[in-house]
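Here the structure is laid out as structure tokens; the discussion comes afterwards.
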Amino acid sequence: MPAKRQHWLIKSEPDVFSFSDLLGLPQRTTTWDGVRNYQARNYLREMRRGDLVFFYHSSTEPPGIAGIAEVAREAYADPTQFDHADEHFDARSKPDAPTWVAVDLRGVEALPRLVALEELRQEPALATLQLLQKGSRLSVQPVQEPAWRLIKALSKRKSRL
DNA sequence: GCCAACGTTGGC
DNA sequence: GCCAACGTTGGC
């Protein structure tokens, strides 16, 4: 039996790489590499081809969810961990036992409008969303199905902010 | 620019 | 194994 499709959220600073940047790439696809946190890595490993991913803009004004991507390729060894010239180089990682993984993400569609972090905070039903937990810094997180649907619905309504 | 929260490192 | 110091994240 096929595994249930999961939903995710990844963070990116739009000044570095925005959702529009993703849509502008050939095949609208990029390698999601450089993740150097074990819990985030474990989530990357759980991602399955076709899983949908919210693309969150952090460290910008306002922060919020900009679009939807999908997993185009499941976890593989992150090449940057072996690249001395890359800022994500990890001398302790061995090619026969890579520590870090990357996935490929393909842009699917922008949300009708940005759903701001502040707006998410105002939804009682989203209180358990990992993004909203105090001190939450994980750059890769799961999103439960009800939360996913609610956020998509919010994006189709006018902001109440 | 500030700073709280968090993960990691390394001395002991 | 403890924990202080440090670096990073990311909202404000």
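By convention in this document, chain letters (A, B, ...) are assigned in the order of the sequence lines, proteins followed by strands, and residues within each chain are numbered from 1.
If you take NE2 of His57(A) and P of dC12(C), they are 17 Å apart, rounded to a whole angstrom. Between Leu9(A) atom CG and dG10(C) atom P the separation is 11 Å, expressed in whole Å. Between the C1' atom of dG1(B) and the CD atom of Glu61(A) lies a distance of 15 Å, rounded to the nearest Å. The separation between Glu87(A) atom CD and dT8(C) atom P is 10 Å, rounded to whole Å. Look at CD on Glu13(A): it is 8 Å from C1' on dT9(C), rounded to the nearest Å.
Between Tyr38(A) and Trp100(A), the ring planes lie tilted relative to each other; the angle falls in the 30° to 60° range.
Checking Arg137(A) against Ser58(A) by side-chain atom types alone, no donor-acceptor pair falls below 3.5 Å.
Looking at Glu119(A) and Arg113(A), a side-chain N of the basic residue comes within less than 4.0 Å of a carboxylate O on the acidic one, giving a salt bridge. For the pair Glu70(A) and Arg106(A), the salt-bridge criterion is met [side-chain N within less than 4.0 Å of a carboxylate O].
Annotation: proximity of residues 30-42 of chain A to DNA chain B (heavy atom, distance under 4.0 Å) is found for Asn37(A), Tyr38(A), numbered in ascending order. For the contact set between residues 122-138 of chain A and DNA chain B, defined by any heavy atom under 4.0 Å, the members are Lys134(A), Gly135(A), Arg137(A).
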Point to revise | Asp21(A)/Ser18(A) under side-chain hydrogen bond (donor to acceptor under 3.5 Å, both in side chains): CA gap, chis, key distance, verdict | key: CA-CA 5 Å; Asp21(A) 292 335; Ser18(A) 71; 3.2 Å; yes

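When each of Arg45(A), Arg36(A), Arg41(A) is tested with Asp78(A) by the rule salt bridge (charged side-chain N to carboxylate O under 4.0 Å, His left out), just one qualifies, namely Arg36(A). If you run side-chain contact (heavy atoms from CB on, under 4.5 Å) between Gln6(A) and each of Glu145(A), Gln144(A), Arg48(A), Glu46(A), only Glu46(A) comes through.
Here the side chain of Arg5(A) pairs a donor or acceptor atom with the backbone of Gly50(A) at under 3.5 angstrom.
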